[in-house]
Amino acid sequence: MKRVTVKDLAKHLLLSTSTVSRALLNDKNIHWETKKKVLEAAKELGYRRNSAATSLKYGQSKNIGLVVPEMVTPFSAKVLRGIQEVLYPLGYRVIITECDEDPQRERENLLLLEEFNVDGIIINLCDETKNSDIYQQLLDQGIPLIFFDRMPNDSLNVSKVRLDNPLYATAMIEHLVATGRKKIVHIMGPPTLRSSGERAKGYIEVMKKHGIYDPSLLIEAGGLGFEDGKKAIKSLRETQVEFDAIFAFTDTLAIGAMNFLLEAGILIPEEVSVTSFSGTELATMVYPQLSSVEPPLVQMGEEAARLVLEKIKDFNAESRDVVVEAELKIRASSSF
């Protein structure tokens with residue numbers, strides 16, 4: 001079926017296309033009877049507004065792009081909820097793209113959002129060392145970029161929503177030490193993420209403070225999935241490195257490690273305590289329930305949405321660095 005256009009409505013109503021177009025946009029200078037006639041005809045004929053054409057003409061699409069590394073866990077979905085709570089009442093729609101932790105796919109998604117003429121982009125990046133050029137390209141074109149959770153390099157003048165990673169990593173390790181743990185493994189995140197280094201820094205500081213730091217207990221996972229956590233702890237066991245606790249970069253890595261321990265008949269937390277960072281509802285869906293640093297994900301989304309609105313209103317407004325507070329949730333995986 002042929003798409004009904006403004007020209008079709010104008011011909012049907014014997015009105016000019018400009019009058020019909022302005023009536024559809026609720027122009028205050030168009031008589032209410034004319035508006036009513038146009039809207040009734042639009043409904044009768046099945047007219048649908050061409051948002052892309054409207055955005056080209058008026059300079060705003062009312063679309064915001066969201067770029068996230070994964071949608072497997074509830075992490076991104078909770079952030080999205082916060083974004084929607086702020087933006088939807090204002091008439092904005094969110095276009096969601098997922099990168100599967102692949103910088104090239106992230107790049108392609110960013111270029112796609114540029115083609116869609118989005119008013120701004122909220123992003124949780126895949127790799128701090130990649131795509132800085134495309135971030136700058138989008139900024140040079142006046143498209144606001146707001147980063148959350150994972151931060152870009154400092155050369156970019158952008159607003160951010162983040163956590164104090166060393167602070168909360170320190171708090172979790174102090175909890176493990178207070179329960180008598182001395183051989184604490186840290187399953188690190190990828191070296192291409194700043195948050196990975198920051199959480200490792202907090203871990204190392206506490207371990208050195210208590211005189212129990214052992215570099216052999218630092219292990220880098222090959223990825224961020226459940227299997228990666230399982231493989232990391234399996235490899236540690238195979239090298240016969242002794243440990244009595246685990247602090248993982250994410251809850252997916254921690255749960256993967258828990259699965260290996262349980263399959264090997266190792267009791268949690270009696271023999272090995274398990275904790276994580278970036279906790280989501282997944283932490284309460286396993287047995288025993290997982291102790292975790294839990295960011296305020298909905299709040300992160302709300303803050304990111306407010307920051308993108310600030311930049312849409314005034315692209316040259318001063319960029320802001322918003323630091324949100326997380327919670328230390330101590331559960332059965334690390335408490336006796």
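Applying the side-chain hydrogen bond (donor to acceptor under 3.5 Å, both in side chains) definition to pairs two or more places apart or across chains, those involving residues 240-251 are K183-E242, T250-T252, D251-T280. Applying the salt bridge (Lys or Arg N to Asp or Glu O under 4.0 Å) definition to pairs two or more places apart or across chains, those involving residues 321-333 are R162-D321, E294-K329, E294-R331.
More than 12 heavy-atom neighbours from other residues, nucleotides or ligands sit within 6.0 angstrom of CD on E33. Remark: Y287 OH is loosely packed, at most 12 non-hydrogen atoms of other residues, nucleotides or ligands lying under 6.0 Å away. Counting non-hydrogen atoms of neighbouring residues, nucleotides and ligands closer than 6.0 angstrom, the NZ atom of K231 reaches no more than 12 such neighbours.
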Report task. Decide side-chain hydrogen bond (donor to acceptor under 3.5 Å, both in side chains) for S273 and R181; before the verdict, give the C-alpha distance in whole Å, the side-chain angles of both, and the deciding distance to 0.1 Å. Result -> CA-CA 8 Å; S273 293; R181 303 307 189 181; 3.0 Å; yes
**Report entry** CA sep, side-chain torsions, deciding dist, call: K209, E174, salt bridge (charged side-chain N to carboxylate O under 4.0 Å, His left out)
**Finding:** CA-CA 10 Å; K209 169 186 166 184; E174 289 284 11; 2.8 Å; yes
Requested in this report: Evaluate side-chain hydrogen bond (donor to acceptor under 3.5 Å, both in side chains) for H175 paired with T275, printing each intermediate quantity in order.
Outcome: CA-CA 10 Å; H175 156 68; T275 63; over 6 Å; no
Query raised in the report: After noting the C-alpha distance and the side-chain angles of Y88 and I83, does the key distance pass the side chain to side chain contact (heavy atoms under 4.5 Å, CB included) rule?
Result: CA-CA 8 Å; Y88 272 21; I83 292 170; over 6 Å; no
Query raised in the report: Passes salt bridge (charged side-chain N to carboxylate O under 4.0 Å, His left out), E101 versus R150? Steps please.
Result: CA-CA 12 Å; E101 299 287 0; R150 302 176 181 179; 3.0 Å; yes
Requested in this report: Before giving the answer on salt bridge (charged side-chain N to carboxylate O under 4.0 Å, His left out), spell out for D149 and R194 the whole-Å C-alpha distance, their side-chain angles and the decisive distance to 0.1 Å.
Outcome: CA-CA 10 Å; D149 188 42; R194 182 180 309 189; over 6 Å; no
Query - From CA spacing to verdict: side-chain hydrogen bond (donor to acceptor under 3.5 Å, both in side chains), S21, S18 - result: CA-CA 5 Å; S21 180; S18 63; over 6 Å; no
Requested in this report: Check the pair L253, D228 against side chain to side chain contact (heavy atoms under 4.5 Å, CB included), reporting the backbone distance first and the verdict last.
Outcome: CA-CA 6 Å; L253 290 173; D228 298 303; 3.8 Å; yes
Query raised in the report: Yes or no on side-chain hydrogen bond (donor to acceptor under 3.5 Å, both in side chains) for R199 and S278, after CA distance, side-chain angles and deciding distance?
Result: CA-CA 11 Å; R199 293 172 196 177; S278 296; 3.3 Å; yes
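C126 approaches L193 most closely through the heavy-atom pair O-CD2, 3.4 Å. Shown here for P296 and A326, the closest heavy-atom pair between the two residues is CD-CA, 4.1 Å. Of all heavy-atom pairs spanning A257 and I246, the tightest one is CB-CD1, 4.0 Å.
Remark: the D140 side chain and the Q136 side chain contain an N/O donor-acceptor pair separated by less than 3.5 Å. Checking E106 against N131 by side-chain atom types alone, a donor-acceptor pair falls below 3.5 Å. Using a 3.5 Å distance cut-off with no hydrogens or angles, the side chains of S319 and K311 do pair a donor with an acceptor. Counted by atom type alone, S276 and S292 present one or more donor-acceptor pairs between their side chains at under 3.5 Å.
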